[in-house]
Amino acid sequence: MLEHLAYILFSGFLIGVFISAPMGPIGMLVIQRTLSKGRMAALYTGVGAALSDLLYCLLSGLGLSLVTDFIESNKFILQIVGSAVLILYGIYLFRNNPSRAIPHSPEMPTNYWRDFVTGFLFTFSNPLILFFIIGLFARFNFMDANYVYYHYMAGYLAIMAGALTWWFLITYFVDKVRGRFNMRTLWLINRVIAGVLIGMALIGTVHAIRNLVP
């Protein structure tokens, strides 16, 4: 049981980081606010985004929990499918130009509640993230028949912790290097994240195939 708890904490934390890390519209908004309004405004925006991601994770988990028996009997096939989703997303991320995602709406005076709400709504307005979350859940075998309620409670808390850690680190980094921050930095971040996702997906695919082949 402790082994299961340690694994779901670790995998949940990574899922939270990977959901938050790609430099899409919300990532660009957080960076823009770090540079224009200060780190706290950006951090509140990230907290709103993390809460939205957690809600989508709960929705994904609820849907997947209804087909737990199917998942358990086909978990290696689902891991391959999930890994394929991550590979495709990683390729998209690798080729994506983050500068196109910069929000062009004018900034208003600092209001942390408004920053939180806009971060939540920016993220919640993209339901396609469900496919990414399902791919991550499948890759990390997050929905396991051996887990009980407290495993999932710990796992979802770890997802939130991973997302918050990412936003804490990215706002800290941007704030510290604000004088040297440019689009090339965002491009490199996206490519590094894409490479990590593709690498993990390939490892997951090999592992799943080995378990499928007698």
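Numbering starts at 1 and runs along the sequence shown.
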Is it true that [X] and [Y] fall in one hydrophobic cluster, defined by side-chain heavy atoms closer than 4.5 Å?
{"X": "Leu121", "Y": "Leu59", "answer": "yes"}
{"X": "Tyr147", "Y": "Leu14", "answer": "yes"}
{"X": "Tyr172", "Y": "Trp166", "answer": "no"}

Do [X] and [Y] have side chains that get closer than 4.5 Å, going by heavy atoms?
{"X": "Tyr56", "Y": "Phe132", "answer": "no"}
{"X": "Met153", "Y": "Ile8", "answer": "no"}
{"X": "Leu169", "Y": "Phe173", "answer": "no"}
{"X": "Thr165", "Y": "Phe13", "answer": "yes"}
{"X": "Leu202", "Y": "Val206", "answer": "no"}
{"X": "Phe140", "Y": "Phe10", "answer": "no"}

Rounded to the nearest 0.5 Å, what's the gap from [atom1] on [X] to [atom2] on [Y]? Could you check?
{"X": "Leu136", "Y": "Ile159", "atom1": "CG", "atom2": "CD1", "answer": "9.0 Å"}
{"X": "Thr118", "Y": "Trp113", "atom1": "OG1", "atom2": "CH2", "answer": "11.0 Å"}
{"X": "Ile80", "Y": "Arg139", "atom1": "CD1", "atom2": "CZ", "answer": "11.5 Å"}
{"X": "Leu164", "Y": "Ser20", "atom1": "CG", "atom2": "OG", "answer": "8.0 Å"}
{"X": "Leu58", "Y": "Tyr152", "atom1": "CG", "atom2": "OH", "answer": "12.5 Å"}

For [X] and [Y], which heavy atoms make the closest approach, and how far apart are they?
{"X": "Val17", "Y": "Gly162", "answer": "CG2-O, 3.4 Å"}
{"X": "Asp175", "Y": "Thr34", "answer": "N-CG2, 3.8 Å"}
{"X": "Cys57", "Y": "Ile19", "answer": "SG-CD1, 3.5 Å"}
{"X": "Ile133", "Y": "Ser60", "answer": "CG2-OG, 3.6 Å"}

In residues 42-55, what donor-acceptor pairs under 3.5 Å come from side-chain atoms, sequence neighbours left out?
| unit_1 | atom_1 | unit_2 | atom_2 | d |
| --- | --- | --- | --- | --- |
| Thr45 | OG1 | Arg33 | NH1 | 2.9 |
| Thr45 | OG1 | Ala41 | O | 2.9 |
| Ser52 | OG | Phe124 | N | 3.1 |

Checklist line | Tyr156 ring center near Phe142 ring center (under 6.0 Å) | finding: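 Yes; Phe142 has its ring centre under 6.0 Å from that of Tyr156.
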
